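Structure record follows, encoded as structure tokens.
Side chains included, hydrogens not; waters and symmetry mates left out as well; all remaining heavy atoms used. A note on names: the letters A, B, ... follow the listed sequences, proteins ahead of strands, and every chain is numbered from 1. Values in this document were obtained by computation on a predicted structure and should not be read as measured data.
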2 protein chains.
Amino acid sequence: MKPTIKDVAKAANVSIATVSRILNNLPGYSEETKTKVMNVIEEMGYQPNAIARGLINKRTQTIGVLFPDVSSMFSSKLLNGIEYTANRLNHSVIVCNTDSNGKRIMKYLQVLREKQVDGIIFVSGALQEEPYRALMAMQIPVVLVATLPHPYDLPYIKVDDSKAAYSATTFLIEKGHRHIGMIAGTKDDMIAGRPRVEGYMQALTDYDIPVREPYIVYGDFGYRSGLSGMEQLWEQAPNITAVFAASDEMAVGALLAAHKHGVHVPDELSVIGYDNTQIAEMAIPPLTTVSQPLHEMGKEAAQMLLTMMEDPSRAKNLIMPYTVVERETVKDIT
Amino acid sequence: MKPTIKDVAKAANVSIATVSRILNNLPGYSEETKTKVMNVIEEMGYQPNAIARGLINKRTQTIGVLFPDVSSMFSSKLLNGIEYTANRLNHSVIVCNTDSNGKRIMKYLQVLREKQVDGIIFVSGALQEEPYRALMAMQIPVVLVATLPHPYDLPYIKVDDSKAAYSATTFLIEKGHRHIGMIAGTKDDMIAGRPRVEGYMQALTDYDIPVREPYIVYGDFGYRSGLSGMEQLWEQAPNITAVFAASDEMAVGALLAAHKHGVHVPDELSVIGYDNTQIAEMAIPPLTTVSQPLHEMGKEAAQMLLTMMEDPSRAKNLIMPYTVVERETVKDIT
DNA sequence: ACTGCTAACGAAAACGTTTACGTTGAGTTT
DNA sequence: AAACTCAACGTAAACGTTTTCGTTAGCAGT
């Protein structure tokens with residue numbers, strides 16, 4: 001059996017209270033007994049039991065993170081950032097893959113509650129009422145990442161999707177494009193769907209370019225839907241000279257569609273993506289895209305969560321900066 | 001304060017033992033009291049405290065997973081599989097990003113030990129002596145994924161890298177290629193490095209093709225090293241007609257190098273990758289590659305770990321099947 | 001010599017469960 | 001009617017910590 005604090009105390013001829021004091025370096029013991037105890041600990045290979053500690057402290061030094069899809073590049077970058085600061089500040093992270101499935105979300109929330117996590121990060125995806133109530137019942141800090149609390153009030157960290165889409169479209173316009181299509185995300189997605197097409201439309205109207213229905217097609221952010229979206233776009237609007245895709249994956253799908261149809265990017269078609277995931281860099285040709293600082297957002301989310309544990313009033317929203325990173329898929333045709 | 005089992009017991013006029021029995025459905029109560037207690041639980045919104053439970057059960061229903069880089073596509077696919085079955089079997093997973101850094105690995109192992117995790121999955125990366133000892137001291141199941149225990153004896157799950165590389169090379173040979181270069185991984189990586197070049201060399205010799213030094217260059221599995229590796233290859237061996245890259249990322253790097261130099265894939269150069277990550281599908285043109293069933297491997301790893309918890313003697317090694325998935329980057333030149 | 005103070009500890013309660021064991025009462029057997 | 005059985009509970013110990021209160025001894029101050 002692994003040695004407990006009791007074993008250490010016995011072996012060192014002190015009380016468990018003293019051992020505890022030494023471990024948490026509280027005052028109340030002589031230098032002499034400290035070294036004696038430390039030696040015993042070393043010899044026995046004692047390590048404290050965080051479970052017992054958590055039971056009494058009511059702190060588990062653990063946070064839970066809910067993702068719709070852990071294996072997406074988007075999520076994994078975020079996770080990386082979250083894990084980084086969580087670890088730096090002595091917390092572990094439990095990952096949950098919700099599949100955006102309400103039932104699973106509720107199950108995970110129950111598990112996290114039972115496991116007494118100290119906080120929860122909820123990534124991307126609208127927050128329904130039921131999970132919201134569950135979250136509230138847990139009475140622990142929550143922060144949303146890349147999504148909005150919508151009817152509720154919870155701290156969130158995201159970029160301004162509408163503005164970012166506006167910038168992406170403007171980027172295209174300023175390169176001389178006038179016939180600009182859009183491969184949008186899920187149509188009724190109030191977070192990453194609508195705002196991006198709104199930004200796109202706003203940019204067009206601000207530059208006195210009419211926005212046309214057939215110039216917009218809807219996908220699901222995935223690669224395949226980018227491919228089919230592009231083909232649909234050509235049917236509906238054959239004269240487009242540039243396209244803004246609401247995700248890198250869809251942009252790469254568009255790239256492939258172009259490749260298949262023998263249209264050269266960027267000479268015959270300019271493409272701009274959204275996310276700046278790893279594939280953007282690795283696409284052929286390298287994809288111009290708007291960059292969300294995912295790693296940073298993860299770090300900030302964890303940081304925010306942990307400071308909220310100390311002082312809940314320090315919760316606040318963070319609008320993160322985006323940038324459009326220019327690579328090789330949009331051509332200046334002015 | 002959140003209600004405890006004690007509150008429930010009091011409100012229902014029974015002892016905590018009875019409540020506990022009902023919750024864990026053990027025998028020893030009437031149907032009548034059960035419904036009474038269940039009603040109280042419902043009303044109070046009681047949820048058991050897994051920490052207290054873990055303290056006495058010595059089971060936390062939690063496993064730890066160590067990755068060199070959580071955000072790589074390789075890791076995130078695995079994580080997805082691991083999380084899937086872990087969750088299915090009522091376990092949570094704590095992720096750890098080691099950066100392949102010995103110090104961090106040891107720190108994580110200590111944390112996982114203190115948190116009393118029920119098992120550990122160690123992903124990809126050689127297992128040094130110090131972590132091995134720490135793992136042994138924890139006395140819990142461990143399984144390795146995509147790596148070998150080497151001097152030690154631990155259950156592992158991986159594909160046969162050498163054979164897979166052999167097949168990839170053979171695939172090229174049977175398409176008529178004779179001048180085949182290789183962009184290998186880290187030179188002294190005994191897991192994903194050497195075995196793959198050995199498979200490559202074996203295939204060549206089996207087909208009476210001489211293996212030449214300058215036909216092999218070394219990278220670090222990353223995208224950039226694929227790009228530079230390809231250029232180096234052209235310098236050293238301008239007449240190669242095909243190249244086998246030890247990772248998809250490097251293969252895509254090679255693709256970009258080809259694109260930059262105006263050499264057409266697959267007409268002028270055939271490329272085959274390794275991993276079948278998402279980028280393989282999304283590359284332009286879509287990349288022919290050897291597929292490791294990462295998601296399956298994750299699932300199997302979790303499954304194995306959990307069965308080992310019940311019966312440690314059921315540990316065994318799993319060699320997973322690979323397949324070469326043919327897409328559009330290799331040309332038949334027979 | 002007595003009081004008062006402090007450093008250095010120890011005893012024990014508490015955290016929220018599970019579980020071994022004991023108790024009760026009604027029903028069954030002899 | 002006494003003895004026995006069994007279902008339906010309750011009591012209390014245990015898990016490994018932290019933390020609140022003591023308690024003790026030494027020493028300064030008067």
Side-chain angles (χ1 to χ4, degrees), chain A residues 1-38 40-41 44-62 90 110-111 113-118 138-139, chain B residues 1-38 40-41 44-62 90 110-111 113-118 138-139:
Chain A
M1 243 0 319
K2 280 184 279 186
T4 75
I5 197 174
K6 208 180 293 184
D7 302 321
V8 173
K10 198 169 300 176
N13 264 318
V14 297
S15 73
I16 57 178
T18 298
V19 179
S20 175
R21 277 189 275 257
I22 291 173
L23 285 169
N24 303 19
N25 51 302
L26 302 170
Y29 49 86
S30 68
E31 204 50 40
E32 187 185 5
T33 63
K34 170 168 180 176
T35 59
K36 180 175 60 176
V37 169
M38 290 307 264
V40 173
I41 286 177
M44 305 185 66
Y46 165 77
Q47 309 235 177
N49 181 327
I51 296 298
R53 183 176 281 170
L55 182 57
I56 188 157
N57 283 343
K58 288 154 171 329
R59 284 288 226 98
T60 53
Q61 308 282 114
T62 305
N90 296 309
Q110 183 181 336
V111 171
R113 172 170 174 178
E114 293 189 2
K115 292 232 164 96
Q116 315 289 126
V117 297
D118 297 336
M138 294 174 71
Q139 318 227 57
Chain B
M1 243 351 337
K2 281 184 279 187
T4 74
I5 196 175
K6 209 180 293 182
D7 302 322
V8 173
K10 199 168 299 175
N13 265 318
V14 296
S15 73
I16 56 177
T18 298
V19 180
S20 175
R21 277 189 276 257
I22 292 173
L23 285 168
N24 303 24
N25 50 301
L26 301 170
Y29 49 86
S30 67
E31 205 48 41
E32 187 187 5
T33 61
K34 170 168 179 176
T35 59
K36 181 175 59 178
V37 169
M38 291 307 265
V40 174
I41 286 177
M44 305 184 68
Y46 164 77
Q47 309 237 174
N49 181 325
I51 296 299
R53 184 175 280 170
L55 182 56
I56 188 157
N57 283 343
K58 286 152 173 329
R59 284 287 226 98
T60 53
Q61 308 283 113
T62 305
N90 297 308
Q110 183 181 335
V111 171
R113 172 170 174 176
E114 292 189 1
K115 292 230 164 97
Q116 314 291 123
V117 298
D118 297 335
M138 293 173 73
Q139 317 230 54

query = Which salt bridge (charged side-chain N to carboxylate O under 4.0 Å, His left out) pairs, counting each pair once, include a residue from residues 44-62 of chain A, with sequence neighbours left out?
reply =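 Salt bridge (charged side-chain N to carboxylate O under 4.0 Å, His left out) check on residues 44-62 of chain A returns A/Arg59-A/Asp118, A/Arg59-A/Glu310.
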task = Kindly state each residue pair satisfying salt bridge (charged side-chain N to carboxylate O under 4.0 Å, His left out) with at least one member in residues 12-34 of chain A, sequence neighbours excluded.
result =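 Sorted result for residues 12-34 of chain A: empty, none.
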ask   = Between the two end axes of the helix from C/dA1-D/dT30 to C/dT30-D/dA1, each built from 5 base pairs, what angle do you get to the nearest 10°?
value =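 The value is 60°.
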query = Of B/Ala17 and A/Ala17, whose nearest nucleotide on DNA chain D comes first from the 5' end?
reply =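 First, find each residue's nearest nucleotide; the 5'-ward one identifies B/Ala17.
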So, using side-chain hydrogen bond (donor to acceptor under 3.5 Å, both in side chains) as the criterion, who are the partners of [X] when residues are at least two apart?
X        : value
A/Lys115 : B/Ser92
B/Gln116 : none
A/Glu114 : A/Gln110

Taking only N/O atoms, report every protein-nucleotides 23-28 of chain C pair under 3.5 Å with atom names and distance.
none

ask   = Who pairs with A/Asn25 by side-chain contact (heavy atoms from CB on, under 4.5 Å), at least two apart in sequence or on another chain?
value =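 Per chain and number, A/Asn25 pairs via side-chain contact (heavy atoms from CB on, under 4.5 Å) with A/Tyr29.
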ask   = Taking DNA chain C as the partner, which of residues 45-61 of chain A come within under 4.0 angstrom of it by heavy atom?
value =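 Heavy-atom cutoff 4.0 Å gives A/Leu55, A/Ile56, A/Lys58.
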request  = Name every residue in residues 19-28 of chain A that has at least one heavy atom under 4.0 Å from any atom of DNA chain C, in order of residue number, or write none if there are no such residues.
outcome  =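 Hits under 4.0 Å, by residue number: A/Arg21, A/Gly28.
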ask   = Base, sugar-phosphate, or nothing: which does B/Asp7 touch, judged by heavy atoms less than 4.0 Å apart?
value =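 Touches nothing.
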inquiry  = Could you report the tightest heavy-atom contact between A/Asp7 and A/Lys2, atom names first, then the distance?
reply    =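 Residues A/Asp7 and A/Lys2, closest heavy atoms: OD2-O, 4.2 Å.
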request  = Output yes when at least one side-chain N/O atom of A/Ser30 is less than 4.0 Å from OP1 or OP2 of C/dA7, else no.
outcome  =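 Looking at the OP1 and OP2 atoms of C/dA7, neither is under 4.0 Å from any side-chain N or O of A/Ser30.
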task = Heavy atoms of chain B, cut-off under 4.0 Å: which first and last nucleotide of DNA chain D, 5' to 3', fall inside that, if you could look?
result =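 Range of nucleotides touched by chain B: D/dA8 to D/dG16.
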Identify all side-chain donor-acceptor contacts of residues 8-16 of chain B below 3.5 Å with residues at least two apart in sequence or on another chain.
| residue | atom | partner | partner atom | Å |
| --- | --- | --- | --- | --- |
| B/Ser15 | OG | B/Ala17 | N | 3.4 |
| B/Ser15 | OG | B/Thr18 | N | 3.4 |
| B/Ser15 | OG | B/Thr18 | OG1 | 3.4 |

